[in-house]
Amino acid sequence: SDAGSQKERVVTEEEWLQKWEMGNIGFHKEQGHPLLQKYLDVLLNGRSGLRIFFPLCGKAVEMKWLADMGHSIVGVEISEQAVKEFFSEHSLPYCEEPVPEISGAKMFQSTSGNISLYCCSIYDLSSSIVGKFDGVWDRGALVAVNPRDRQRYASLVINLVEKNSSYLLVTVSYDPTKHKGPPFYVPESEIQSLFG
């Protein structure tokens, strides 16, 4: 396949943590993503008070934007630094507590209660821990997970969403022989086979 040159590539959790420590976070956007603004009505589908999941959330500004609209936000991120920067950059007070079901994991929750960020591997989450979601904003998760883990990632996300949920996915299109990723190239055909 055209993505063959990338399919064996593995980026470790340590490498992601290092990117945050070094400030090598070109993937973070200071402004809300224009595609979320453009397709917000698709995500919300006329509904209010949704539970919206942010996989591999980093410190995405869209979390606060959607929370301010009255939605409940749950994110997962491996970097505690990213999570703490999110709360400090938005001047949001929060509390931090262990997640009993996941060894070493912490959950950071805004004192208003509408933003809960889990600091752990996404693969440690399950609906018994975080519940189910009405919407997913995937701006940089599928393209960041290692290609060999895509099926595992898609299965997890599918298990975390309600039947009538909306899943907004942003991918990038480029020649995968010229860039080793991440972000990884995910062909349209693979998206179809992963999510149907």
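Note that the coordinates shown come from a computational prediction; the quantities given were computed from them, not determined experimentally.
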Practice task
Look at the rings of Trp137 and His33 and say which category their plane angle falls in: under 30° parallel, 30 to 60° tilted, over 60° perpendicular.
Solution key: perpendicular

Considering only heavy atoms from C-beta outward, does the side chain of [X] approach that of [Y] to under 4.5 Å?
{"X": "Glu21", "Y": "Gln81", "answer": "yes"}
{"X": "Glu13", "Y": "Ser121", "answer": "yes"}
{"X": "Glu77", "Y": "Cys119", "answer": "no"}
{"X": "Leu66", "Y": "Leu40", "answer": "yes"}
{"X": "Ser79", "Y": "Trp16", "answer": "no"}
{"X": "Ile52", "Y": "Val136", "answer": "no"}
{"X": "Leu142", "Y": "Phe195", "answer": "yes"}
{"X": "Leu169", "Y": "Ile191", "answer": "yes"}

Exercise for the section: Check whether the ring centres of Phe27 and Trp20 lie less than 6.0 Å apart, and answer yes or no. Expected result: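 Yes, the ring of Phe27 comes within the 6.0 Å limit of the ring of Trp20, centre to centre.
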
Return the [atom1] to [atom2] distance between [X] and [Y], rounded to the nearest 0.5 Å.
{"X": "Leu160", "Y": "Lys132", "atom1": "CG", "atom2": "NZ", "answer": "7.0 Å"}
{"X": "Cys57", "Y": "Ile78", "atom1": "SG", "atom2": "CD1", "answer": "11.0 Å"}
{"X": "Phe53", "Y": "Leu156", "atom1": "CZ", "atom2": "CG", "answer": "6.5 Å"}
{"X": "Ser165", "Y": "Asp134", "atom1": "OG", "atom2": "CG", "answer": "7.5 Å"}
{"X": "Asp138", "Y": "Leu56", "atom1": "CG", "atom2": "CG", "answer": "7.5 Å"}
{"X": "Asn159", "Y": "Leu125", "atom1": "CG", "atom2": "CG", "answer": "12.0 Å"}

Establish whether [X] and [Y] are linked, either directly or via other cluster members, by ILVMFWY side-chain heavy-atom contacts under 4.5 Å.
{"X": "Met107", "Y": "Tyr123", "result": "yes"}
{"X": "Val11", "Y": "Val145", "result": "no"}
{"X": "Ile158", "Y": "Val170", "result": "no"}
{"X": "Met69", "Y": "Phe133", "result": "no"}
{"X": "Met63", "Y": "Val130", "result": "no"}

Over all heavy atoms of both residues, which pair between [X] and [Y] is shortest? Give the atoms and the distance, please.
{"X": "Lys64", "Y": "Ile115", "value": "CA-CD1, 4.3 Å"}
{"X": "Gly135", "Y": "Leu43", "value": "CA-CD1, 3.9 Å"}
{"X": "Val61", "Y": "Gly32", "value": "CG2-N, 3.6 Å"}
{"X": "His71", "Y": "Gly49", "value": "ND1-N, 3.6 Å"}
{"X": "Leu117", "Y": "Phe87", "value": "CD1-CE1, 3.8 Å"}
{"X": "Cys120", "Y": "Val76", "value": "O-CG2, 3.6 Å"}

Practice task
Dump the intermediate steps for side-chain contact (heavy atoms from CB on, under 4.5 Å) on Phe54 and Val74, then the final yes or no.
Solution key: CA-CA 6 Å; Phe54 277 69; Val74 175; over 6 Å; no

Ion pair check, [X] and [Y], cut-off under 4.0 Å:
{"X": "Glu190", "Y": "Arg150", "answer": "yes"}
{"X": "Arg139", "Y": "Glu62", "answer": "no"}
{"X": "Lys84", "Y": "Glu80", "answer": "yes"}
{"X": "Lys106", "Y": "Glu97", "answer": "no"}

Problem - Exceeds 12 heavy-atom contacts within 6.0 angstrom, atom CD of Gln31 - result: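 At most 12 heavy atoms, drawn from other residues, nucleotides or ligands, come within 6.0 Å of this atom.
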
Practice task
Look at atom OH of Tyr39 and say whether more than 12 heavy atoms of other residues, nucleotides or ligands are closer to it than 6.0 Å.
Solution key: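 No.
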
Problem - Flag for Thr12-Glu15: side-chain donor and acceptor within less than 3.5 Å - result: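 There is such a pair between these side chains.
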
Practice task
May I have the step-by-step check of side-chain contact (heavy atoms from CB on, under 4.5 Å) for Lys59 and His28, ending in yes or no?
Solution key: CA-CA 7 Å; Lys59 55 179 183 175; His28 174 70; 3.4 Å; yes

Exercise for the section: Decide whether a cation-pi geometry holds between Arg9 and Phe184; the criteria are a distance under 6.0 Å from NZ or CZ to the six-membered ring centre and an angle within 45° of the ring axis. Expected result: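 That pair does not qualify as a cation-pi contact.
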
Practice task
Using the side-chain contact (heavy atoms from CB on, under 4.5 Å) rule, take Ser166 and Arg47 through it: C-alpha gap first, then chi angles, then the decisive distance, then the call.
Solution key: CA-CA 11 Å; Ser166 304; Arg47 301 169 298 167; 3.6 Å; yes

Handout entry: Worked check of side-chain contact (heavy atoms from CB on, under 4.5 Å) between Leu168 and Leu36
Key = CA-CA 8 Å; Leu168 288 190; Leu36 179 57; 3.9 Å; yes

Handout entry: Test item: Lys180 side-chain N/O and Thr177 main-chain N/O as donor-acceptor pair under 3.5 Å
Key =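 No: the side chain of Lys180 does not pair with the backbone of Thr177.
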
Practice task
For Ser116, check side chain to side chain donor-acceptor pair (under 3.5 Å) against everything at least two apart and list the hits.
Solution key: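 Ser116 satisfies side chain to side chain donor-acceptor pair (under 3.5 Å) with Gln109 once adjacent residues are dropped.
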
